[in-house]
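So you know, we letter chains A, B, ... as the sequences are listed, proteins then strands, and number each from 1. Keep in mind that what you see is a predicted model, and the values were worked out from it rather than measured.
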Protein chains: 2
Amino acid sequence: MPGPVKPQRESLELVVLGVLSEEPLYGYCIIKRVAARSEHAIRLTAGVLYPLLHELEAARLITSTWETVRSERAGESSAGRKRKWYHITARGRRRLHQRITAHRAFQSMIEAFFPPPADEEAAT
Amino acid sequence: MPGPVKPQRESLELVVLGVLSEEPLYGYCIIKRVAARSEHAIRLTAGVLYPLLHELEAARLITSTWETVRSERAGESSAGRKRKWYHITARGRRRLHQRITAHRAFQSMIEAFFPPPADEEAAT
DNA sequence: TGACAATACATCGAAAGCCGATATATTTGG
DNA sequence: CCAAATATATCGGCTTTCGATGTATTGTCA
């Protein structure tokens, strides 16, 4: 059973694992993508994301690899900007499916409380 | 429009207003009903519910009336057990609809992230 | 009849979670 | 050259959470 309802963190975990299930991304990119996808309905800020990412990694739900991007102008001489790419693990995918299941369970209960009034002629 | 994702409290508010939208109930009864309906997926305890109920009342989303239940055995002589019945207000119903809308918006976004495939293998 | 479980309402405080502010560094655009 | 964007990260004050606890009445069962 989907564990008890827990704080926002669970929703955020779901969303982050969700976007990473499609393709590897780095933090800043995750923020932009989630904002765009949700039309800013989901507020995922750096102060929330990075600690979450670190937790997720500690729990081995994701792994990370550094990339150094050098500018064309500066070339080899520059230190380069660093990006940390995150990849979802098999364990992470299992967790994601759990979260999705849990979320859908909650959702179906909500819908059980409040059946969408598509057809009001539906007999009981 | 559904504001940013907020803590668990919002989900609980949704659930509580939801059960009260069907009929008036008293606290203890709300706890039992939500547990039963959600098959214990939603953990709504006394320590969480009563403060929430008081907030909801302060916000005029619900109103309350006391009932004194006397035991048949003891009859008039007993002090009686007290029950506080809660009723949803018109304002409460409006709030409920807002919450449902917000929840569905979040839900549909989740489903956009993860379109429910007929069947898929979790292999790799 | 006595004891224990269930009913019923309620508060409190430790712990956890949230998120804006802040820090550092590089690259891009004007 | 400078401001804005890119990119990662931490910190601390504030809010939220919920288990523990308190009080009281009623129901059950030996």
Between the protein and nucleotides 10-16 of chain C, list the N/O to N/O atom pairs that are separated by less than 3.5 angstrom.
from: dA10(C); atom 1: OP1; to: Lys84(B); atom 2: NZ; distance (Å): 3.1
from: dA10(C); atom 1: OP2; to: His54(B); atom 2: NE2; distance (Å): 3.2
from: dT11(C); atom 1: OP2; to: His54(B); atom 2: ND1; distance (Å): 3.4

For the pair made of [atom1] in [X] and [atom2] in [N], what is the distance, rounded to whole Å?
X: Leu44(B); N: dC18(D); atom1: CG; atom2: P; answer: 10 Å
X: Leu52(B); N: dC9(C); atom1: CG; atom2: P; answer: 14 Å
X: Ile31(B); N: dA6(C); atom1: CD1; atom2: P; answer: 15 Å
X: Glu10(B); N: dG17(C); atom1: CD; atom2: P; answer: 19 Å
X: Arg33(B); N: dT7(C); atom1: CZ; atom2: C1'; answer: 16 Å
X: Leu12(A); N: dC18(C); atom1: CG; atom2: P; answer: 7 Å
X: Glu55(A); N: dA9(D); atom1: CD; atom2: P; answer: 14 Å
X: Arg83(A); N: dT28(C); atom1: CZ; atom2: C1'; answer: 13 Å

Phosphate OP1/OP2 of [N] contacted by [X] side-chain N/O (<4.0 Å):
X: Arg43(B); N: dG19(D); answer: yes
X: Tyr28(B); N: dT7(C); answer: yes
X: Arg9(A); N: dC18(C); answer: yes

Can you tell me how far [atom2] of [Y] sits from [atom1] of [X], rounded to the nearest 0.5 angstrom?
X: Leu56(B); Y: Leu17(B); atom1: CG; atom2: CG; value: 5.0 Å
X: Ile62(A); Y: Leu52(A); atom1: CD1; atom2: CG; value: 7.5 Å
X: Ser38(A); Y: Arg43(A); atom1: OG; atom2: CZ; value: 11.0 Å

(message) Pick the closest DNA chain C nucleotide for Lys82(A) and for Thr45(A) by heavy atoms, then say which residue is nearer the 5' end.
(response)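 Between the two, 5'-proximity favours Thr45(A).
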Query raised in the report: Of Val69(A) and Tyr26(B), whose nearest nucleotide on DNA chain C comes first from the 5' end?
Result: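 It is Tyr26(B) whose nearest nucleotide is closer to the 5' end.
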- Query: Sequence neighbours excluded, which residues qualify as ring pair (Phe, Tyr, Trp, His ring centres under 6.0 Å) partners of Tyr50(A)?
  - Reply: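 Residues passing ring pair (Phe, Tyr, Trp, His ring centres under 6.0 Å) with Tyr50(A): none at all.
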_Restricting to salt bridge (Lys or Arg N to Asp or Glu O under 4.0 Å), what partner residues turn up for Arg60(B), sequence neighbours left out?_
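Counting only residues at least two positions away or on another chain, Arg60(B) forms no salt bridge (Lys or Arg N to Asp or Glu O under 4.0 Å).
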- request: State, with a plain yes or no, whether a side-chain heavy atom of Tyr28(A) is found less than 4.5 Å away from one of Arg83(A).
  value: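 No. Closest side-chain heavy atoms not under 4.5 Å.
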Practice problem: Have a look at Arg81(A) and say if it touches a base, only the backbone sugar-phosphate, or nothing, with a 4.0 Å heavy-atom cut-off. | Solution: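 Since a base atom lies under 4.0 Å of Arg81(A), the category is base.
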- Task: Verify the distance criterion only: is there a donor paired with an acceptor across the side chains of His103(B) and Glu10(B) at less than 3.5 Å?
- Result: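 No, no side-chain donor-acceptor pair sits under 3.5 Å.
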